[in-house]
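Along the sequence shown, residues carry numbers from 1.
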Amino acid sequence: MVDVTPLVVKALRETGLKVYDENFTTSTTDVPCLSYLLITNKINKQGDTQEHSDVFYYIKVYAKRNSEIANYSN
């Protein structure tokens with residue numbers, strides 16, 4: 001397994017929005033913002049010199065209006 005969470009968070013922060021771990025968002029979290037949640041991080045194939053992992057995240061966009069969500073979703 002490989003920890004790519006720092007890379008994911010760094011890329012999300014490049015949007016200019018605040019980024020939160022999904023486990024720490026609340027009803028009082030300022031919006032617009034993004035959240036991430038690691039769903040899967042498992043080894044798919046492993047050999048003597050290489051390893052292939054499946055890594056999946058849920059990325060959520062929070063905003064007050066649908067138009068904001070559409071803008072930030074890209």
Side-chain angles (χ1 to χ4, degrees):
M1 290 185 284
V2 62
D3 182 13
V4 297
T5 299
L7 296 172
V8 170
V9 171
K10 181 182 176 189
L12 292 174
R13 286 187 176 146
E14 289 176 3
T15 64
L17 296 176
K18 292 199 177 206
V19 178
Y20 300 96
D21 182 316
E22 179 67 22
N23 295 315
F24 297 103
T25 57
T26 67
S27 61
T28 60
T29 301
D30 290 335
V31 294
C33 67
L34 301 171
S35 71
Y36 63 92
L37 179 65
L38 177 63
I39 300 300
T40 302
N41 187 357
K42 65 179 182 174
I43 297 171
N44 185 351
K45 295 180 183 177
Q46 189 170 14
D48 293 337
T49 60
Q50 289 187 349
E51 178 178 290
H52 297 268
S53 296
D54 290 331
V55 182
F56 296 95
Y57 285 86
Y58 279 131
I59 308 296
K60 294 183 181 179
V61 180
Y62 292 94
K64 292 183 179 181
R65 294 179 301 209
N66 284 337
S67 59
E68 286 181 297
I69 292 174
N71 288 336
Y72 294 123
S73 292
N74 291 329

Legend entry - Minimal non-hydrogen separation, V31 against A63, with atom names: CB-CA, 4.0 Å
Legend entry - Pairing residues for T26 by the side chain to side chain contact (heavy atoms under 4.5 Å, CB included) criterion, not counting sequence neighbours: T28, T29
Inset, instruction - Under the side chain to side chain contact (heavy atoms under 4.5 Å, CB included) rule, collect the residues that match up with D54, sequence neighbours excluded. - result: K42, N44, F56
Inset, instruction - Mind checking the OG1-CG spacing from T25 to L34? Nearest 0.5 Å is all I need. - result: 11.5 Å
Inset, instruction - Determine, stepwise, if the pair V55 / L38 fulfils side chain to side chain contact (heavy atoms under 4.5 Å, CB included). - result: CA-CA 8 Å; V55 182; L38 177 63; 4.1 Å; yes
Legend entry - Shared hydrophobic cluster, V19 / V61 (ILVMFWY, side-chain heavy atoms < 4.5 Å): yes
Inset, instruction - Could I get the full list of side chain to side chain contact (heavy atoms under 4.5 Å, CB included) partners for D30, not counting sequence neighbours? - result: none
Legend entry - For K60, salt bridge (charged side-chain N to carboxylate O under 4.0 Å, His left out) partners two or more places apart: E22
Legend entry - Same cluster (ILVMFWY, side-chain, under 4.5 Å), I59 and L17: yes
Inset, instruction - List for me each residue that meets side chain to side chain contact (heavy atoms under 4.5 Å, CB included) alongside S67, sequence neighbours excluded, and say none if there are none. - result: R65
Can you list, pair by pair, the side-chain donor-acceptor contacts under 3.5 Å of residues 4-13, counting residues two or more places apart and other chains?
unit_1 : atom_1 : unit_2 : atom_2 : d
T5     : OG1    : D3     : OD1    : 3.3
T5     : OG1    : Y57    : OH     : 2.5

Legend entry - N23 CG: over 12 foreign heavy atoms closer than 6.0 Å: yes
